[in-house]
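Computed from a predicted structure; not experimentally measured. Hydrogens, waters and symmetry mates play no part in the numbers below; they use all other heavy atoms, side chains included.
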Amino acid sequence: MIKDIATPVRTKAILEKYGFSFKKSLGQNFLIEPNVLSRIVDHAEVTESTGVIEIGPGIGALTEHLARRAKKVVAFEIDQRLIPILKDTLSPYENVTIINEDVLEADVSKAITEHFSDCKEIMVVANLPYYVTTPIIMKLLEEKLPLKGIVVMLQKEVADRIAAKPSTKEYGSLSIAVQYYTEAKTVMTVPKTVFVPQPNVDSAIIRLLVREEPIVAVKNESFFFEIVRASFAQRRKTILNNLVHFLANGKELKQNIEETLTSVEIDGRRRGESLSIAEFARLSDALYEAFSKDK
């Protein structure tokens, strides 16, 4: 029986063997609780026909749990110092490939083509470095990769924002950007005590199931996201004032914006956090028709 990497004793032994020191700049926090790792894999519904992309495997704690259940695991690790450690700790698992590359710079689509042609489905499963959580998630979604879903550990506050509903303080442009592409749900919280070193905040596991089509159809996707971001630019301002600041070079366009809001039955005195994704879609389409020629 192979001993789990993710125990305090084994993790300490591995770190000491290689003289490894944590780099705060890389957001390195390693899990030391096998039960948490097992539950992450459960929530990802990994089976023997699943190809898994992992990001930031560290010393391989989650990787081995994935390797025991998945058909193949491809892990992107930015830290060159961890490559020989991973080669050692994951040596019992022939279905694991480690790529020493920053996933934000990597050609993930190419990796999928090269490694997962014989897999029925592809999941991303990872304990993400907190400082790059959002850029990584948005890269995976915006590149429209053939993923079934994404199950990741991240800062609880960010998970709350991603899964937030309208008219809550957590709801914002990140909620809309992720929910546009996926069905988002926080599936468990994780205390800081199961990490080494301990982070300053609690964590959460969020499950993002990729939609076959975005939740709304819009005339111009990039303009839609621009309108969403503009609507939350200053949260205390009304949607009208935020849009005037974004769209109008001069106050003479304020009336046009007011008329557009009225045409889609949205009160300009509302704040961005009160609008559903469907309302943002209607609004952005109407504004695109009215203003795209002027921009």
> Taking Gln234 for the side chain and Arg236 for the main chain, is one N or O donor matched with an acceptor at less than 3.5 Å?
no
> Please check if the number of heavy atoms outside Arg269 that lie under 6.0 Å from its CZ is greater than 12.
no
> For Gly58, is there any backbone N or O sitting under 3.5 Å from a side-chain donor or acceptor partner on Glu77?
yes
> Output yes when a side-chain donor or acceptor of Asn242 lies under 3.5 Å from a complementary backbone atom of Gly272, and no otherwise.
no
> Identify the two heavy atoms, one from Ile162 and one from Ile206, that lie closest to each other, and give their separation to 0.1 Å.
CG2-CD1, 3.4 Å
> When rounded to the nearest 0.5 angstrom, what distance separates CZ in Phe76 from CD in Glu101?
6.5 Å
> Look only at the side chain of Glu121 and the backbone of Leu147, and say whether a donor-acceptor pair between them is shorter than 3.5 Å.
no
> Could Lys169 and Asp160 be called an ion pair, given the rule that one side-chain N must be under 4.0 Å from one carboxylate O?
no
> Determine the minimum heavy-atom distance between Ala177 and Met138, stating which atoms define it.
CB-CE, 3.7 Å
> Could you report the tightest heavy-atom contact between Gln28 and Pro197, atom names first, then the distance?
O-CD, 3.6 Å
> Could you check whether any side-chain heavy atom of Leu82 comes within less than 4.5 Å of a side-chain heavy atom of Pro57, counting everything from C-beta outward?
no
> At what distance, to the nearest 0.5 angstrom, does CG of Leu243 lie from CG of Leu253?
12.0 Å
> How long is the gap from CD1 on Ile32 to CG on Asn29, to the nearest 0.5 Å?
11.0 Å
> If every non-hydrogen atom of Ala278 is compared with every non-hydrogen atom of Val216, which pair is closest and at what distance?
CA-CG1, 3.9 Å
> Would a 4.5 Å heavy-atom cut-off, applied to side chains only, mark Glu183 and Arg211 as touching?
yes
> Step through the shown structure and confirm whether more than 12 heavy atoms of other residues, nucleotides or ligands are within 6.0 Å of CZ on Arg270.
yes
> Does any N or O in the side chain of Lys71 come within less than 3.5 Å of the main-chain N or O of Lys120, such that one atom is a donor and the other an acceptor?
no
> Is it the case that one hydrophobic cluster holds both Leu209 and Met188, taking links as side-chain heavy atoms less than 4.5 Å apart, direct or via other members?
no
> Would you sort out whether Thr47 and Thr50 count as a side chain to side chain donor-acceptor pair (under 3.5 Å), showing the intermediate values?
CA-CA 5 Å; Thr47 72; Thr50 307; 3.2 Å; yes
> If you define the side chain from C-beta out and look only at heavy atoms, does anything of Tyr171 sit under 4.5 Å from Ile176?
yes
> Where the side chain of Asn95 meets the backbone of Ala67, is there a donor-acceptor pair that is under 3.5 Å apart?
yes
> Without swapping roles, check the side chain of Thr168 against the backbone of Ala164 for a donor-acceptor pair under 3.5 Å.
no
> For the backbone of Lys110 and the side chain of Asp107, can you confirm whether one donor and one acceptor N or O come within less than 3.5 Å of each other?
yes
> Determine whether Val210 and Tyr181 satisfy the following criterion, side chain to side chain contact (heavy atoms under 4.5 Å, CB included), listing intermediate values before the conclusion.
CA-CA 6 Å; Val210 177; Tyr181 295 108; 5.6 Å; no
> Could you walk me through whether Phe246 and Glu226 pass the side chain to side chain contact (heavy atoms under 4.5 Å, CB included) check?
CA-CA 9 Å; Phe246 174 66; Glu226 285 181 11; 3.5 Å; yes
> When rounded to the nearest 0.5 angstrom, what distance separates CG in Leu62 from CD1 in Ile55?
11.0 Å
> Should we say atom NZ of Lys144 is surrounded by more than 12 heavy atoms from elsewhere, each under 6.0 Å from it?
yes
> For residues Val125 and Val152, determine if any side-chain heavy atom of one lies less than 4.5 Å from a side-chain heavy atom of the other.
no
> Is the shortest side-chain N to carboxylate O distance from Arg69 to Glu48 below 4.0 Å?
no
> Should Tyr180 and Phe225 be marked as a ring pair (Phe, Tyr, Trp, His ring centres under 6.0 Å) after you check the CA-CA gap, both sets of side-chain angles, and the distance that decides it?
CA-CA 10 Å; Tyr180 176 82; Phe225 287 121; 5.1 Å; yes
> Are more than 12 heavy atoms from other residues, nucleotides or ligands located less than 6.0 Å from atom NZ of Lys72?
yes
> With a 4.5 Å heavy-atom cut-off, do Val36 and Leu31 have their side chains touching?
yes
> Provide the closest heavy-atom pair for Asn200 versus Lys192 in the form atom of the first, atom of the second, distance.
O-NZ, 3.2 Å
> Rounded to the nearest 0.5 Å, what's the gap from CZ on Phe20 to CZ on Arg81? Could you check?
4.0 Å
> Between Phe223 and Phe291, is the ring centroid distance below 6.0 Å?
no
> Salt bridge check: are Lys165 and Glu170 linked by an N-O gap of less than 4.0 Å?
no
> Can you spot which of Asn100, Asp102, Ile99 makes a side-chain contact (heavy atoms from CB on, under 4.5 Å) with Ile78?
Asp102
> Do the non-hydrogen side-chain atoms of Tyr18 and Asp88 ever get within less than 4.5 Å of each other?
yes
> Which pair of heavy atoms, one from Thr11 and one from Val196, lies closest together, and at what distance?
CG2-CG1, 4.0 Å
> Charged N to carboxylate O below 4.0 Å: is that the case for Glu289 and Lys219?
yes
> Could you walk me through whether Val52 and Val74 pass side chain to side chain contact (heavy atoms under 4.5 Å, CB included), step by step?
CA-CA 6 Å; Val52 177; Val74 173; over 6 Å; no
> Could you give the distance from CD1 (Ile205) to OG1 (Thr186), rounded to the nearest 0.5 Å?
9.5 Å
> Show the numbers, then the answer: is there a side chain to side chain contact (heavy atoms under 4.5 Å, CB included) between Phe224 and Phe280?
CA-CA 8 Å; Phe224 167 74; Phe280 271 115; 3.8 Å; yes
> Please answer whether the main-chain N or O of Ile227 pairs with a side-chain N or O of Ser231 as donor and acceptor at a distance below 3.5 Å.
yes
> Is the shortest side-chain heavy-atom distance between Val264 and Glu279 below 4.5 Å?
no
> Are His115 and Thr97 close enough that some pair of their side-chain heavy atoms sits under 4.5 Å apart?
yes
> Backbone N or O of Asn35 within a donor-acceptor pair of the Ser38 side chain at under 3.5 Å?
no
